[in-house]
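Below is one structure; the comments refer to it alone.
Residues take their numbers from the sequence shown, with the count starting at 1.
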Amino acid sequence: MAIKLGLQLQNVFFVLFVIIFSSSASTEEANALLKWKASFANQTQSLLPSWSLHSQNTTPPCTWFGISCNIAGSVTKINMTGFGLNGTLHDFSFKSFPNLEYLDLAINSLTGTIPSQISYLSNLNYLDLSTNQFFGEIPPEIGQLTNLQVLHLVQTQLNGSIPTELGLLRSLNDLALYSNQFQGPIPSSLTNLTNLTTLYLYDNSLSGFIPPEIGNLTNLLELYMDTNNLSGPIPSTFGNLKNLTVLHAFNNTLSGPIPPEIGNMKSLVSLSLSLNNLSSSIPVSLGGLTNLTLLHLYRNKLSGPIPQELGNLTSMTDLELSENNLNGSIPASLGNLINLEYLYLRDNKLSGSIPPEIGNLVKLSVMQIDTNQFTGPLPHDICRGGLLQNFTVNSNRLTGPIPGSLKNCTGLLRVRLDGNQFSGNIAEDFGVYPNLTFIDLSFNNFYGEISSNWVKCPNLGTLRIAGNNISGRIPPEIGNVTQLEALDLSSNRLVGEIPNELGNLIKISKVLNLSNNHLSGGIPPEFESLTNMEQLDLSRNSLSHSIRYLANCAKLNYLNLSNNRFSQEIPSQLEKLIQLSQLDLSHNFLRGEIPSKISDMQSLVLLNLSHNHLSGFLPDSFNDMRGLMYIDISYNDLQGPIPDIHAFQNTSIEALQGNKGLCGNVTGLSPCNIPFVRYKHNSRNNQKLVFSIVFPLLGALLLLFAFFGIYFILHKRKKGRPTEDLDNEEDQLLSISNFDGKILYEDIINATNNFDEMYCIGKGGCGSVYKTKLPSARVVAVKKLHSLPSGERAFQKEFLNEIKALTEIRHRNIVKFYGFCSNAQHSFLVYEYLENGSLATILATEEKAKEFDWPTRLNIITSVAHALSYMHHDCSPPIVHRDISSKNILLDQDYHAHVSDFGTAKLLKLDSSNWTEFAGTYGYVAPELAYTMKVTEKCDVYSFGVLALEVIKGKHPGNLIPSLSSPLTRDNMMLQDVLDQRIPIPPPEVEDQVLKMLNIAIACLHAYPQSRPNMNIIVALLCA
């Protein structure tokens, strides 16, 4: 009895102790929670009415919202997920909760740092602080929470490195640290967490190599380490992770090959290694990952063929290999991927025909294989499954008609066939696509007339059929495609008037381009309804009458009406186009004065009014247009002083020439020494006064010029008459600018010792260049063409082309031409000698390139732009160089650039198709010349873009060019990725200019010629 009584008393004392202790503990925990609540913002406090010691019928804190207790009444769980908490953890008393096992504060607005006192929660096994606004470093004291099994710190603003103490949490099986600002390497101590099944490290700033020891975490099921700055190779030890189902390491800077050991990870379902610098070939071992449904390897540097073993991955739904250097053909085995929904192979070097087995992919929704070198026709069953929505094969060399399966593929949403050699009748080869939103058929060989079937595509937002052989009239029914935002029918053979019904396209907000056709009539008055239109190009047609019907198009930023027959005056209503940045009215018959209201167009950067019949003085309001960067008013009847703004004061004489009385502080213009009086309404007496003064002076000058002209001709004939052995004019040409022809010929023969190799300083495809010192002590460069084979005139044609171009060119950034000589023995050109040689030589020489600083490089690119702008827009007819490359850019002693070598120059005539044989330097030639020989100024623009990138990068951009066509690539590109590493990075004041130059170069490399800026615009942007 005594023993039983003693035990009962002992139990009683124990129960009393637990009650007293738990009561004391509960009170302390309740007070700690109330203290924490008091630190919240007022609106948060009001959300917790149950957290009160005065609430009736409650046992604080165990019945409070979000609080759970054990049997003794001590808090074991706090769950406040998504409750709108607004405060910090600094007033949370961690040591007051010794029994807390579960703490979930995710999806709130908690801020501040995580206190080190969190280590007091020694029994904690679940901690979730994700989706808050914590910052600072993760306290290493978390490593003392040895019972922790789940740790989530996602979507906060924590930074610093991952503490190595996390490696002490050996019981942890779920570690999520993503969407923070962690820096530094992944600690190798994490490999001690052998129970881990999920490891989330993505969306941080982690750097350094991936620890090979991660291969020891053999229980891992999911590994996310994407969107960091990790570098180095993928560890081959990853092959040990045979239970892993997801491996995402995309968007880093990983390099080296993909280890073949990846093929051992037989459980993999999703593998994404895209957006890295991985190289070498795709390992054939990947063909053993038969559970794989997603394989993303795009935007790397992978090369070699696509392994045919990938055809074993029959569970695959998403295969993306775009933006690499893959070559060879598409394996026919890919036709085995019967579950495939997404196939991306674009921007590679793949070739050959598209295998007919691709027609087996009946579940295919997206197929993008553009920007490769595919040839031949499309497979007949390309859309056999009828599920195809996005079909993109542009920028290849595909031929033949459009297969019937594509014509009947009514589910299509987006189609790009542009930049190929497809043929067929455009009215018959395309069907009705009720869901279609975008189609581009540009730059093919389609013919026929535009069908009214496009009206049956009610969702169509973009219709592009530029650069084909489309004829007939624009069907008025196009005006019923009311969802159209972009319509491009340029560079075809369309005739007739612009239908008034196009005025119904009120949703056109991007571009309306009808340029380079044979359209006539006027601009429809209904165009006043196109108030959302941003770009309008009607250039190179036969349009006439007035341009006044565009005044309501207030969102226009680009307007090109050049090369038409517009007459009358420039309507003052154009002042309403306040967002217009580029206005080209050149090559028309516009008359009258330039309206003073033009100054209301404050966004105007480029204005071209050249080659019209404009008269009078330039309006004073030009002085208010400080944003205007480029102006061309040449070949009008304008007079008086030019305005004192950048566009006029820094332009060349070529943009002002051809007027009758302009003056100002520009080289080539007369200074305005005598104040001008603007006779807007001159009286008869004033006219008589002017005539009585001017005409006698002009008469005297004409007589003087006639006298000296006759004397000069007679003197020159007497002095420079060729000898009898050179009197056959068919076989001989002697012409000079500053020399006597025969004397020049003999001096060069003597100075080069009949073109001895010791004087040769360079050789090219057409001839050799010699450095020559004439008796006058002038040093010149002589380009001697190769000897002509018997009966062959090809080089002679090349020679005469260069002469014709050079004799008409006068520009500071184009090599000066002194003369030419040609006879049966020799044909050569004489230029100024430029001391620093070619740009190609400078960039290829390590020491010289290191002295080639950023301001010098920027100046060189700008100089070349000025030269090309002059050739394209100020020469009549325009001149296309056709071989812009670094070897044809010569540098003088001050490193000023001069364009040389016009052997391939092509004089353009506006009424000519300008088809010609291939010419140019590989790597600089515009891509459209691969499938058409049609030469335009935009061919030079493309070459200029390559050249600009070469100067920035320090070497030819090579494979960088195709990658720049991807918006994803451009958006993720860092300036440092393309800079020449041999010289210091540009200082901040220069960096913006380099970045602008880079963006201009990218614009010049656009696949569509009409989308490239012209050289006038480029010059304006560079000088802005």
Side-chain angles (χ1 to χ4, degrees), residues 221-223 234 238-239 241-250 257-274 278 281-298 300 302 304-324 326-346 348 350 352-369 372 374 378-393 403 405-406 409 411:
L221 299 177
E222 296 180 356
L223 175 57
I234 299 174
F238 274 18
L241 306 178
K242 296 183 180 180
N243 294 314
L244 201 67
T245 61
V246 178
L247 173 56
H248 284 186
F250 63 87
I258 299 173
E261 290 80 1
I262 295 287
N264 298 330
M265 304 166 72
K266 302 297 184 182
S267 299
L268 268 184
V269 173
S270 179
L271 174 60
S272 181
L273 305 175
S274 56
L278 299 172
S281 59
I282 300 174
V284 297
S285 62
L286 296 189
L289 303 178
T290 54
N291 291 312
L292 211 57
T293 62
L294 180 148
L295 176 59
H296 285 183
L297 302 178
Y298 64 87
N300 277 288
L302 300 170
I306 299 174
Q308 62 179 359
E309 288 80 1
L310 294 187
N312 300 329
L313 308 180
T314 54
S315 298
M316 183 76 67
T317 62
D318 190 348
L319 176 60
E320 302 193 23
L321 308 178
S322 300
E323 298 181 75
N324 282 288
L326 300 174
N327 54 33
S329 59
I330 298 178
S333 63
L334 292 191
N336 300 331
L337 307 182
I338 57 175
N339 291 303
L340 198 64
E341 298 176 13
Y342 304 96
L343 176 61
Y344 291 84
L345 303 177
R346 59 185 174 84
N348 279 289
L350 299 170
S353 59
I354 301 172
E357 289 81 0
I358 292 296
N360 298 333
L361 306 180
V362 293
K363 293 184 179 181
L364 204 61
S365 172
V366 177
M367 180 177 180
Q368 290 192 1
I369 60 172
N372 281 286
F374 294 120
L378 293 173
H380 180 72
D381 294 333
I382 195 72
C383 189
R384 188 173 69 180
L387 300 178
L388 197 61
Q389 296 181 352
N390 186 326
F391 185 58
T392 305
V393 297
S405 63
L406 194 64
C409 198

Exercise for the section: Measure the shortest side-chain to side-chain distance between L406 and F391 over non-hydrogen atoms and say whether it is less than 4.5 angstrom. Expected result: yes
Problem - Close side-chain approach of F250 to L273, heavy-atom, < 4.5 Å - result: no
Completion exercise
For P259 and I234 the tightest heavy-atom approach is CG-O, 3.6 Å
Fill in the blank from the handout: When every non-hydrogen atom of H296 is compared with those of D318, the smallest separation belongs to NE2-OD2, 3.1 Å
Exercise for the section: List for me each residue that meets side-chain contact (heavy atoms from CB on, under 4.5 Å) alongside L221, sequence neighbours excluded, and say none if there are none. Expected result: T197, N243
Handout entry: Exam field: side chain N312 to backbone L310, donor-acceptor pair closer than 3.5 Å
Key = no
Problem - 4.5 Å side-chain heavy-atom contact, F238 and M265 - result: yes
Completion exercise
Taken to the nearest 0.5 Å, the spacing of N324 CG from L350 CG works out to 9.5 Å
Completion exercise
Output for pair (L361 CG, L343 CG), nearest 0.5 Å, gives 7.0 Å
Problem - Under 3.5 Å side-chain donor-acceptor pair for S405 and H380 - result: no
Exercise for the section: Please say which of N348, L345, L297, N372 ends up in a side-chain contact (heavy atoms from CB on, under 4.5 Å) with L326. Expected result: N348
Problem - Rounded distance (nearest 0.5 Å) linking atom CG of L271 with atom CG of L294 - result: 8.0 Å
Practice task
Report yes or no: does N291 contribute a side-chain atom to a donor-acceptor pair with the main-chain N or O of V269 at less than 3.5 Å?
Solution key: no
Exercise for the section: Measure the shortest side-chain to side-chain distance between L364 and L387 over non-hydrogen atoms and say whether it is less than 4.5 angstrom. Expected result: no
Exercise for the section: With sequence neighbours excluded, give me every side-chain hydrogen bond (donor to acceptor under 3.5 Å, both in side chains) pair touching residues 335-344. Expected result: N339-K363
Problem - Between T392 and N390: side-chain donor-acceptor atoms closer than 3.5 Å - result: yes
Handout entry: Heavy atoms from other residues, nucleotides or ligands near NZ of K242 exceed 12 (cutoff 6.0 Å)
Key = no
Handout entry: Contact check, side chains of I358 and I382, non-hydrogen atoms, under 4.5 Å
Key = yes
Exercise for the section: Kindly compute the distance separating CG (L313) from OG1 (T293), expressed to the nearest 0.5 Å. Expected result: 10.5 Å
Problem - Exercise: identify the closest heavy-atom pair between P379 and P355 - result: CG-O, 3.7 Å
Exercise for the section: Would you check if R384 and N360 make a side-chain contact, meaning some heavy-atom pair closer than 4.5 Å? Expected result: yes
Exercise for the section: Nearest 0.5 Å please: distance from the CG atom of L268 over to the CG atom of L241. Expected result: 8.5 Å
Handout entry: For P307 against I282, the heavy-atom pair lying closest together
Key = CG-O, 3.4 Å
Exercise for the section: Kindly indicate whether the side chain of Y298, heavy atoms from C-beta on, has any atom under 4.5 Å from the side chain of L321. Expected result: no
Exercise for the section: Kindly indicate whether the side chain of Q368, heavy atoms from C-beta on, has any atom under 4.5 Å from the side chain of V366. Expected result: yes
Practice task
Enter the distance from L340:CG to S315:OG here, rounded to the nearest 0.5 Å.
Solution key: 11.5 Å
